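These notes concern the structure reproduced below.
Quick note on labels: first sequence line is chain A, next is B, and so on, each numbered from 1. Every value quoted in this text rests on a predicted model; they were computed, and no experiment measured them.
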2 protein chains.
Amino acid sequence: MCTLQALDTTEVRASYCAAPTYQVIGDDEAQRLSKVFKALGDPTRVRLLSLISVSANTEMCVCDLTAPVGLSQPTVSHHMKQLVEAGLVTREQRGRWAYYSPATSVLTAATETLTNSTR
Amino acid sequence: MCTLQALDTTEVRASYCAAPTYQVIGDDEAQRLSKVFKALGDPTRVRLLSLISVSANTEMCVCDLTAPVGLSQPTVSHHMKQLVEAGLVTREQRGRWAYYSPATSVLTAATETLTNSTR
DNA sequence: GTTACGCATCGACAAATGTCAATACGTGGG
DNA sequence: CCCACGTATTGACATTTGTCGATGCGTAAC
């Protein structure tokens, strides 16, 4: 049912059950959403997310990502860290390698939260 | 060609029959998408978009927006310009006032383009 | 025409960001 | 126990970004 009009600040509001919430987003939630979008505010990170998304089964490590984006290894590590911290990507260390998987539901959730405040 | 087995994604990416793309996003498109996300990479702009979205019928001018976000008028104008340039908002000048309307389809389109590259 | 008002632009400034070379850290193989 | 390798962190740098006060530009009211 989702009456729950007071749920606007809690993190979830559960994807489905897209809350009524024709209400302005608060400071805290704006902060939270902006972090997700900010992580994708750089073309390199958009490409990186796209790269690991396309090859989600053949998992990719950092060494596989540097060539496609044409940047140094430390720079790629730096960008990946930001994607991980934004929750857009998960990191799994196996042996010497770090494998990344996409978690784009975070993005769709953020987008829905923002667009659902549109009437 | 647009074989379109992936048209579950609603209206957009119609732009150019945007490829079924289980394919990496190119440099140019990454640039385009990142500009949209970057515009929402600041909590103030997220709140501004939310504000004008909630009151989409009772249109809002800049003078109505400064108080809720607690920033100066030049700063709000600056942020609104970025939202307009990202296509997330449309601006209409009427008399001395500038009225803004949300155009969040740009955001949903960008999100879908990126998430659809996930298999 | 002059005045008041809403908004945009400019100049300045501190803070954040993207990038790299150098280096440190951990893990696996010899 | 070292050594090689993949990755993360550090330090440094130029560029970008968010913010404000001051000022400029149109439009409406008198």
> Y99(A) and L83(A): same hydrophobic cluster, using ILVMFWY side-chain contacts below 4.5 Å?
Replying inline: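 Cluster IDs for Y99(A) and L83(A) differ.
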Side chain of [X] only, please: which of [options] is the nearest?
X: H79(A); options: dC7(C), dT19(C), dA8(D); answer: dT19(C)
X: Q82(B); options: dG6(D), dG18(D), dT19(D); answer: dG18(D)
X: R96(A); options: dT19(C), dG6(D), dT7(D); answer: dG6(D)
X: R45(B); options: dG18(C), dG18(D), dA22(C); answer: dG18(D)

Starting from [atom2] on [N], measure out to [atom1] on [X] and report it in whole angstrom.
X: K35(A); N: dA16(C); atom1: NZ; atom2: P; value: 13 Å
X: L83(A); N: dG18(C); atom1: CG; atom2: C1'; value: 14 Å
X: Q93(A); N: dG6(D); atom1: CD; atom2: C1'; value: 9 Å
X: Q73(B); N: dC25(D); atom1: CD; atom2: C1'; value: 12 Å
X: K81(B); N: dG6(C); atom1: NZ; atom2: P; value: 21 Å
X: R91(A); N: dG26(C); atom1: CZ; atom2: P; value: 12 Å
X: L71(A); N: dT17(C); atom1: CG; atom2: P; value: 18 Å
X: W97(A); N: dG29(C); atom1: CH2; atom2: C1'; value: 11 Å

> Does dT19(C) have OP1 or OP2 sitting under 4.0 Å from an N or O in the side chain of T75(A)?
Replying inline: no
>> Tell me whether the side-chain N/O atoms of S77(A) come closer than 4.0 Å to OP1 or OP2 in dA8(D).
In response: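 Yes.
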>> Base, sugar-phosphate or nothing for H78(A)? Non-hydrogen atoms, less than 4.0 Å.
In response: base
>> With nearest nucleotide decided by heavy atoms, which residue, K38(A) or A98(A), maps closer to the 5′ end of DNA chain D?
In response: A98(A)
>> Using salt bridge (Lys or Arg N to Asp or Glu O under 4.0 Å), reason through K38(B) and D42(A) one step at a time and then give a plain yes or no.
In response: CA-CA 7 Å; K38(B) 184 177 227 171; D42(A) 183 282; over 6 Å; no
> In Å, rounded to the nearest 0.5 Å, how long is the span from CZ of F37(B) to CZ of R45(A)?
Replying inline: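 The distance works out to 12.0 Å.
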> Have T75(A) and S72(A) got a donor and an acceptor in their side chains that come within less than 3.5 Å?
Replying inline: yes
>> How close do L88(A) and V36(A) get, counting heavy atoms only, and between which atoms?
In response: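 It is CD1-O, 3.9 Å.
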> Given that M80(B) and R94(A) both sit by DNA chain C, which one's nearest nucleotide is further toward the 5' end?
Replying inline: M80(B)
> Starting at the 5' end of DNA chain C and moving along, which residue's nearest nucleotide shows up first, D42(A) or P74(A)?
Replying inline: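 By nearest-heavy-atom nucleotide position, the 5'-most residue is D42(A).
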